[in-house]
Amino acid sequence: GKKSVPNDLFFEEYFTRTADSVLKTYGRGQIKKAVLSFKDFLDSPPIQSANNCPSEEHYAICLKGKRVCGCSDPFGQIPWTTKHVKRLEKLISMFAKAREHDLVIRFGKPIADKYNDRTNATLHVADSYWNTRNYTKARTYYTKVRDVRMAQRVFIPKRVFNRFEAEDPD
């Protein structure tokens with residue numbers, strides 16, 4: 001008999017093609033069009049996971065406007081591979097440039113929480129929390145960026161230090 005391909009493999013392939021297409025559009029300077037294309041994918045994906053609940057071994061992509069996926073929510077999932085994490089980081093940078101803070105947090109937070117060395121994604125998450133007036137959460141991620149980059153002796157943007165010295169602007 002014929003073997004069927006699991007939904008998660010279809011979702012992974014579709015996500016990969018969509019993300020790559022969106023990033024090409026962004027690379028041509030069409031940032032609004034790129035963001036809209038990705039939002040369309042999230043709102044009406046052609047396929048979602050067949051599993052009942054997201055797997056902890058995978059990166060869950062919450063669908064239909066959900067920021068966090070519960071077991072009854074539509075989601076897709078992709079494996080935590082270096083290739084996918086790099087692709088997600090590029091998307092997060094695009095969302096940050098477009099000031100799409102909700103998307104930065106939605107896609108960047110899982111990476112920032114799982115990988116200490118992914119400080120670009122973590123910095124975008126911190127900035128998005130700061131720009132949405134969630135200063136306590138922002139400082140948590142700025143601390144992570146500062147500590148990791150100091151240990152690695154890598155450039156730390158001045159704003160990271162300024163956020164600790166600043167009063168909450170509100």
Side-chain angles (χ1 to χ4, degrees), residues 1-27 30-132 134 137-138 140-145 148:
K2 290 184 179 178
K3 285 188 175 182
S4 65
V5 178
N7 278 22
D8 286 337
L9 289 178
F10 276 130
F11 181 85
E12 179 183 359
E13 180 65 23
Y14 197 82
F15 168 80
T16 300
R17 288 176 187 228
T18 300
D20 290 348
S21 172
V22 162
L23 290 168
K24 278 183 187 166
T25 301
Y26 170 63
Q30 299 172 297
I31 191 165
K32 285 183 180 177
K33 183 178 180 183
V35 170
L36 283 174
S37 293
F38 197 77
K39 284 181 174 181
D40 285 346
F41 162 74
L42 293 174
D43 288 341
S44 56
I47 195 162
Q48 65 188 48
S49 181
N51 296 332
N52 294 331
C53 291
S55 160
E56 290 197 17
E57 294 86 46
H58 287 75
Y59 182 98
I61 297 174
C62 308
L63 305 170
K64 309 280 186 190
K66 297 282 186 180
R67 186 186 279 182
V68 177
C69 321
C71 294
S72 61
D73 299 319
F75 69 94
Q77 54 189 10
I78 56 175
W80 282 107
T81 63
T82 302
K83 179 179 67 173
H84 286 314
V85 172
K86 285 181 179 179
R87 183 176 285 114
L88 286 163
E89 285 178 317
K90 289 177 185 175
L91 288 169
I92 293 161
S93 292
M94 178 187 79
F95 299 147
K97 191 167 221 151
R99 303 189 58 74
E100 292 283 346
H101 301 300
D102 190 56
L103 290 173
V104 170
I105 293 166
R106 183 170 161 186
F107 286 90
K109 187 179 178 312
I111 292 171
D113 291 345
K114 187 171 177 75
Y115 298 104
N116 280 336
D117 62 336
R118 300 293 183 176
T119 58
N120 287 341
T122 305
L123 185 57
H124 288 309
V125 170
D127 288 341
S128 287
Y129 275 131
W130 189 267
N131 291 326
T132 56
N134 197 331
K137 283 188 180 177
T140 300
Y141 288 95
Y142 284 128
T143 299
K144 198 171 184 179
V145 170
V148 170

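Position 1 is the first residue of the sequence; numbering continues from there. Quantities reported herein were computed from a predicted structural model and do not represent experimental measurements.
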Step by step, would you call T16 with H84 a side chain to side chain contact (heavy atoms under 4.5 Å, CB included)?
-> CA-CA 8 Å; T16 300; H84 286 314; 3.3 Å; yes
Smallest heavy-atom separation, I61 atom then F107 atom, equals CG2-CE2, 4.0 Å
Any salt bridge (charged side-chain N to carboxylate O under 4.0 Å, His left out) pairs touching residues 38-49, not counting sequence neighbours?
-> K39-E100
Closest heavy-atom contact between D113 and K144?
-> CA-NZ, 3.7 Å
For E89 and H124, test the side chains for any donor-to-acceptor distance below 3.5 angstrom and give the result as yes or no.
-> no
With side chain to side chain contact (heavy atoms under 4.5 Å, CB included) as the test, would you mind laying out the steps for Y26 and K97 before giving the verdict?
-> CA-CA 10 Å; Y26 170 63; K97 191 167 221 151; 3.1 Å; yes
Taking every non-hydrogen atom, the tightest pair across S128 and I105 | CB-CG1, 3.8 Å
Atom CG in L63, atom CD1 in I47: separation rounded to 0.5 Å?
-> 11.0 Å
If you look at every heavy atom in C69 and A60, which pair is closest and at what distance?
-> SG-CB, 4.3 Å
Can you sort out the partners of F41 under ring pair (Phe, Tyr, Trp, His ring centres under 6.0 Å), two or more places apart, ordered by chain and number?
-> F11, Y14, F38
Tell me, do F95 and D102 make a side-chain contact under 4.5 Å, heavy atoms counted?
-> no
Quick one: do K64 and D73 make a salt bridge, cutoff under 4.0 Å?
-> no
Kindly say whether C62 contributes a backbone atom to a donor-acceptor pair with the side chain of R106 at under 3.5 angstrom?
-> yes
Rounded to the nearest 0.5 Å, how far apart are CG of L123 and CZ of R118?
-> 15.0 Å
Rounded to the nearest 0.5 angstrom, the OH-CG distance for Y141 and D127 is 13.5 Å
So CG of D8 and CD of E13: to nearest 0.5 Å the spacing works out to 13.5 Å
Establish, yes or no, whether a centroid distance under 6.0 Å links the rings of W80 and Y115.
-> yes
Sole candidate of T81, V85, I78 that passes side-chain contact (heavy atoms from CB on, under 4.5 Å) when paired with Y59 | I78
May I ask you to check whether over 12 heavy atoms, not counting those of N52, lie within 6.0 Å of atom CG?
-> no
Closest non-hydrogen contact found for S55 with Q77 is N-OE1, 2.9 Å
Can you pull the disulfide bond (SG atoms under 2.5 Å apart) pairs that have at least one residue in residues 70-118, sequence neighbours excluded?
-> C53-C71
From CG (D20) to CG (L91), nearest 0.5 Å = 8.5 Å
Hey, what do you get for NE2 (H101) to CG (N131), rounding to the nearest 0.5 Å?
-> 4.0 Å
Work out which heavy atom in I92 is nearest to a heavy atom in G108; give both atom names and the distance.
-> CD1-CA, 3.4 Å
Verify the distance criterion only: is there a donor paired with an acceptor across the side chains of S49 and N7 at less than 3.5 Å?
-> no
Stepwise, does the side chain to side chain contact (heavy atoms under 4.5 Å, CB included) test hold for V148 with T122?
-> CA-CA 11 Å; V148 170; T122 305; over 6 Å; no
